[in-house]
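First up is the structure itself, then whatever we jot down about it.
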Amino acid sequence: MNREQNLVNETLEIVGGRAEAEVLADVGVTSLTRFANSFIHQNVSEDVEQVTLRVALEGRVASSTTTATTHEGLTRFVDATIETAAGQPVDEDWAGLGGPTGFTAIDHWDHTTASADPTARAEAVRAFVDAGEGLLGAGYCQTEARRRAYGNTAGRQVHGRFTTAVVDGIHQTPSSAGSGHAAAMALSSIDAGAVGALAAQRARDGIGAIDTKPGKYRVVLSPECIATIAVFLNVYGFNAKMSEEEMSFVNLGEQQFDETISIWDDPTDSRALYLPFDSEGTSKSRVDLVRSGVSTSLLHTRRTARKAATVSTGHAAPDSAMWGPFAENLFLDEGNNSVEELIAGIDRGIYVSTFNYCRVLDPKTLVVTGLTRNGTFMIENGEITHPVTDMRFTQSFVDAMAPGRVEGIGSDARFADSEFGPTFIHAPSMRLAQWNFTGGAGG
Amino acid sequence: MFDEASLAAQGALDAGATYADARVVITKTESINVRNQNLDQMDRSETVGVGVRALIGSSWGFAATADLSNESIRSAGERASAIAKASAIVPGPPMEFADVPVVEDFWETPYEEDPFLVATSEKVDMLINVTKTLQSVEGVAIAVGSLTFYDTNKWFVSSQGHRIHQHIIESGGGYDATAIGERETQRRSYPQSFGQYETGGFETIRAWDYEENAQRIAEEAVALLTADEMEERETSLILEASQLALQIHESVGHAIELDRILGWEAAFAGTSHLQLSKLHSHRYGSDLMNITADATLPGALGTFGYDDEGTPAQSVDIVRNGTWVGVLSGRDSAAIAGLPPGGMVRADGFNRLPMVRMTNVGLLPGEGTLDDIIADTDDGVYMSTNRSWSIDDRRLNFQFGTEIAWEVKNGRLGRMLKNPTYTGITPQFWGSLDRLAGEAEWVHWGTPNCGKGQPMQVAHTGHSASPGRFANIRVGVRA
């Protein structure tokens, strides 16, 4: 039995028969090598070992997390959590614990990545930096190895493990920057030199950017931009908590997106990362959120499922009581167009490499403001003609993908770096009929 | 815990570090969330661990562990040095490190009521009652109240001889009411969006008198559904103090971070429009603009005794009468820039590398009151309480949305306006500051959710502000 399983069982033994309880134990290593001005300036590694406990005493619920995992520490931790729960009012929405369950034994794990040392990460950085000769590189290489176990007093026990690797960065000239990104289960499958080369090309192509008049433009958005859009759909739209509170745009069964759009969450996909169960130990399987433009499902935790009289889809996180469910293995269906083909059909439009600092103005309409960054280019007569300075947009992300608004989807789907973090969204490039730019570099 | 921290630092030195420091940190957190009179979350957590930092050549190596056995602690120190050595594969110039006084000291947040000793039932009842009041107003669909408390003990040692123990207590919370229309949501928050956070005990929560303001907040949320939409135009913009505090955070606080100016954050958080060569000459704003970074302000969220490099808390002038004169710095960045270290390096836990963070970056007060400013405005808008915020990676081009606004006509507040937004460019915007209210309305607003760095760190920062007015601002931007 692994360390994380032992921690779960030890914690449950300490709880004994005093309460309903569920325990989540995480053990692993996260390491990140960071570079700027083309050299490594920050280089970190953290041993992770923590236990999260939730107890319920006839509906009185409290939770707690600790990194003090000695037997003495766990005993103090369990006793304090039970004592806290005893003093609370009943949580009317407490859904109880799930019983024993089977789950798909998926192992998104690479031994070499799990044991990657700082030299391996530094070599990836070297390759990225070398791909931009004469430019200033900045970014990071991260490797993560995590084992997780879940157990509860109702007899549910699941465990699993995953690795991830990310190379992400920019190259800069004195007047421009370009970005590159790759994420995978294995560091060895990432060509850091190619990531750096794309960043360098975008940076060089971005020299001499000129201001462009704000207004409505056709756009070709990179996988990074689409991944950012998908985060907002995930958090504000397909989140059953948002739906229950009438804060979501989602109307199940309605054609809310263009018929070319399909979105699903699936940890069983061979390309996926992370675990096949959630923080409540619920097994995950494929959930189709949008099928040919029709909104088909919401994401659920046990709590939201109870309210909606349905079953959990396995998308709980430790803070889900507050924020609702969240998808960790989101896929957007790719098309069959190259990026050049997406660009070729546009008389006048804009290509965007990355979005930056997107924030929602209204969750229900999903109107978001944000900026372009690290490579924005004018498209004229089917070709990129020149770089443009960063622009601000104010745009409904749902309307942008509405029926008839998606004019093409790229065949380049990959794990893309949304501005909220890498590795959990697999997205292609996309051509959209209209994007509302509300300001240029001058305001 | 000094012994454990010393063992970690010694492990790094023995493995080749030219300098090493270590922090043992114990952080207790209590988070309570009530939604529509139901206790959604009661969480009390504790993290314990040691983080050790080793400097070799051009790079920091950092390792952290929650295992406080001697073997594990020493291993973390050795690992920090090994990581720093590996950085030589992609080397830079040797990292300089400015001197600071070597100190042995204990510092503690002044507080009256330990928030962890206040009965949880009292805290939960307080939130249940306030959400009940919010829900008593017809049209309020969602009423949320929350309280969060932090109790942090840090033992810092350095290879230069620092031994500093700090005990920092932070308290915060607030509530909001949401009304939902056919194709929109409207929210009002108190004391500000995400709540108000300060250093101090439970007395800071009591001082905001949650119940007193709940009825008004709920009624405003409902009224917004039928309020007129703000029209797009250029006009005088009066900002309520908490919104002005966030404006300071985003368009001044981040821009003056020396690590950003030096390019260390270029790939993620971004850089800055500021150039060191223009320190003491760059015009940041109007003559009314006086900004300090003051880590000594009693009660403000970014107040402490020493930063996480052992540098004493201090007040540094950032903008004086509109001219840029200072930066936020640490011992390494300050040495490179040839400036005195500002004591502004902090980490958000034992497991994170300390980095340049805002302390209390605030706008010194002017004269008069908000009412005076409104009375002195023929045509404009008054916007209150942040709803959205977005700014580019050089901290120049921003757009903010607030929860509520009122038109200002002939010196009086007029119609309520919904979905208010404003946009601008940092130096032009601050250059248009033409009125600033006085000390009576000057509040140490707290921002508990400032994200920066990779791996991501969340800092707690303070921003003192009173209401202010800006001329000729573009408002009412929409999709």
Side-chain angles (χ1 to χ4, degrees), chain A residues 32 34-37 39-47 49 62-68 84 87-89 91-93 118-119 122-123 125-126 129 138-140 169-170 172 245-247 321-322 356-357 359-365 367 369-371 373 390 392 394-396 436 438-439 443, chain B residues 33 38-49 58-67 79 82-84 86-87 89-92 120-121 124 128 141-142 180 183-185 263-264 266-267 351 353 387-393 397 399 401 419 421 423-425 454-455 474 477-479:
Chain A
L32 189 146
R34 203 169 186 217
F35 59 103
N37 299 319
F39 68 91
I40 294 170
H41 67 314
Q42 296 169 356
N43 208 340
V44 304
S45 184
E46 175 195 2
D47 290 338
E49 182 164 304
S63 62
S64 185
T65 298
T66 186
T67 59
T84 301
Q88 306 315 316
D91 177 356
E92 300 293 345
D93 297 327
T119 300
E123 295 289 0
V125 170
R126 173 86 276 161
V129 169
Y140 72 95
I170 61 172
Q172 303 159 93
E245 293 175 344
E246 298 183 59
M247 303 267 280
M322 288 172 61
N356 182 45
Y357 224 124
R359 293 294 183 272
V360 71
L361 299 183
D362 180 54
K364 192 155 187 176
T365 53
V367 172
T369 187
L371 298 118
R373 183 182 182 185
D390 290 338
R392 173 170 294 287
T394 306
Q395 170 69 51
S396 164
N436 187 29
T438 50
Chain B
N33 195 270
N38 185 63
L39 178 62
D40 264 10
Q41 186 186 51
M42 163 57 73
D43 188 279
R44 302 189 89 178
S45 294
E46 182 179 65
T47 60
V48 182
S58 58
S59 176
W60 291 107
F62 177 84
T65 180
D67 180 353
R79 195 148 50 99
I83 290 169
S87 303
I89 292 171
V90 193
T120 56
S121 57
V124 171
I128 287 175
I142 304 166
I180 299 172
R183 248 181 82 84
E184 66 177 316
T185 61
W264 296 358
N351 55 350
L353 180 71
R387 189 172 188 190
S388 69
W389 66 103
S390 173
I391 188 166
D392 73 0
D393 53 319
N397 180 327
Q399 180 171 313
N419 302 329
T421 59
T423 188
I425 301 296
Q454 293 167 313
R474 184 181 168 203
V477 182
R478 65 168 70 98

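Every chain is numbered from 1 and lettered A, B, ... according to where its sequence line falls, protein lines coming before strand lines.
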Option in Ile391(B), Asn351(B), Thr120(B) with maximal non-hydrogen atom pairs under 4.5 Å from chain A: Ile391(B)

Heavy-atom check, side chain of Val367(A) versus side chain of Arg478(B), under 4.5 Å: no

Leading residue by heavy atom contact count with chain B [cutoff under 4.5 Å; candidates Val125(A), Asn37(A), Leu371(A), Val129(A)]: Leu371(A)

Options Asp362(A), Ile170(A), Thr66(A), Asn436(A), ranked by heavy-atom pairs under 4.5 Å with chain B, top entry: Asp362(A)

Heavy-atom pairs under 4.5 Å with chain A, option from Ala266(B), Gly61(B), Gly49(B) with the top count: Ala266(B)

Between Thr365(A), Leu361(A), Thr65(A), the one whose heavy-atom pairs under 4.5 Å with chain B are most numerous: Thr65(A)

Listed partners of Gln454(B) passing side chain to side chain donor-acceptor pair (under 3.5 Å), at least two apart: Arg34(A)

Partners meeting side-chain contact (heavy atoms from CB on, under 4.5 Å) with Pro363(A) (sequence neighbours left out): Tyr236(A), Met242(A), Met247(A), Thr185(B), Arg387(B)

Closest contact, heavy atoms only, Ala86(B) versus Ala122(A): O-CB, 3.7 Å

Any donor-acceptor pair under 3.5 Å from Thr47(B) side chain to Thr67(A) backbone: no

Residue part contacting chain B, namely of Arg373(A), when any heavy atom lies under 4.5 Å: side chain

Portion of Asp393(B) that has a non-hydrogen atom of chain A nearer than 4.5 angstrom: both

Derivation and outcome, side-chain contact (heavy atoms from CB on, under 4.5 Å), residues Val44(A) and Ile83(B): CA-CA 7 Å; Val44(A) 304; Ile83(B) 290 169; over 6 Å; no

Under 3.5 Å: donor-acceptor pair, side chain of Asn38(B), backbone of Glu92(A): yes

Spatial distance of atom CE (Met42(B)) from atom CG (Asp91(A)) [nearest 0.5 Å]: 11.5 Å

Backbone of Ala62(A) reached by a side-chain donor or acceptor of Arg44(B) within 3.5 Å: no

Under 4.5 Å from any heavy atom of chain A - which part of Asn33(B): side chain

Proximity breakdown for Ile142(B) and chain A, heavy-atom pairs closer than 4.5 Å: side chain

Interface moiety of Ile180(B) toward chain A, non-hydrogen atoms closer than 4.5 Å: side chain

Interface moiety of Gln395(A) toward chain B, non-hydrogen atoms closer than 4.5 Å: backbone

Choice from Ser58(B), Ser388(B), Ser87(B), Ser121(B) maximising heavy atom contacts with chain A below 4.5 Å: Ser87(B)

Chain B contact via Leu32(A) - which portion, at a heavy-atom distance below 4.5 Å: side chain

For the student: nearest non-hydrogen atoms of Pro118(A) and Ala82(B), plus distance: CG-O, 4.4 Å

Chain A contact via Val48(B) - side chain, backbone, both or neither, heavy atoms under 4.5 Å: both

Engaged part of Val360(A) at the chain B interface, taking heavy atoms whose separation is under 4.5 Å: backbone

Residue among Arg183(B), Glu46(B), Gln399(B), Glu184(B) with most heavy-atom pairs under 4.5 Å to chain A: Gln399(B)

Residue, of Ala36(A), Ser45(A), Ala321(A), Gly169(A), that accumulates the most heavy atom pairs under 4.5 Å with chain B: Ser45(A)

Within-4.5 Å side-chain heavy-atom neighbours: Asp47(A) and Arg79(B): yes

Asn43(A) and Ser59(B) side chains, donor-acceptor separation under 3.5 Å: no

Options Gly401(B), Pro455(B), Ser390(B), ranked by heavy-atom pairs under 4.5 Å with chain A, top entry: Ser390(B)

Contact class of Ala63(B) relative to chain A, heavy atoms under 4.5 angstrom: both

Among the listed options Glu246(A), Gln172(A), Gln88(A), the residue most often paired with chain B at heavy-atom distances under 4.5 Å: Gln88(A)

Verdict with supporting geometry, Ile89(B) and Thr119(A), side-chain contact (heavy atoms from CB on, under 4.5 Å): CA-CA 8 Å; Ile89(B) 292 171; Thr119(A) 300; 3.6 Å; yes

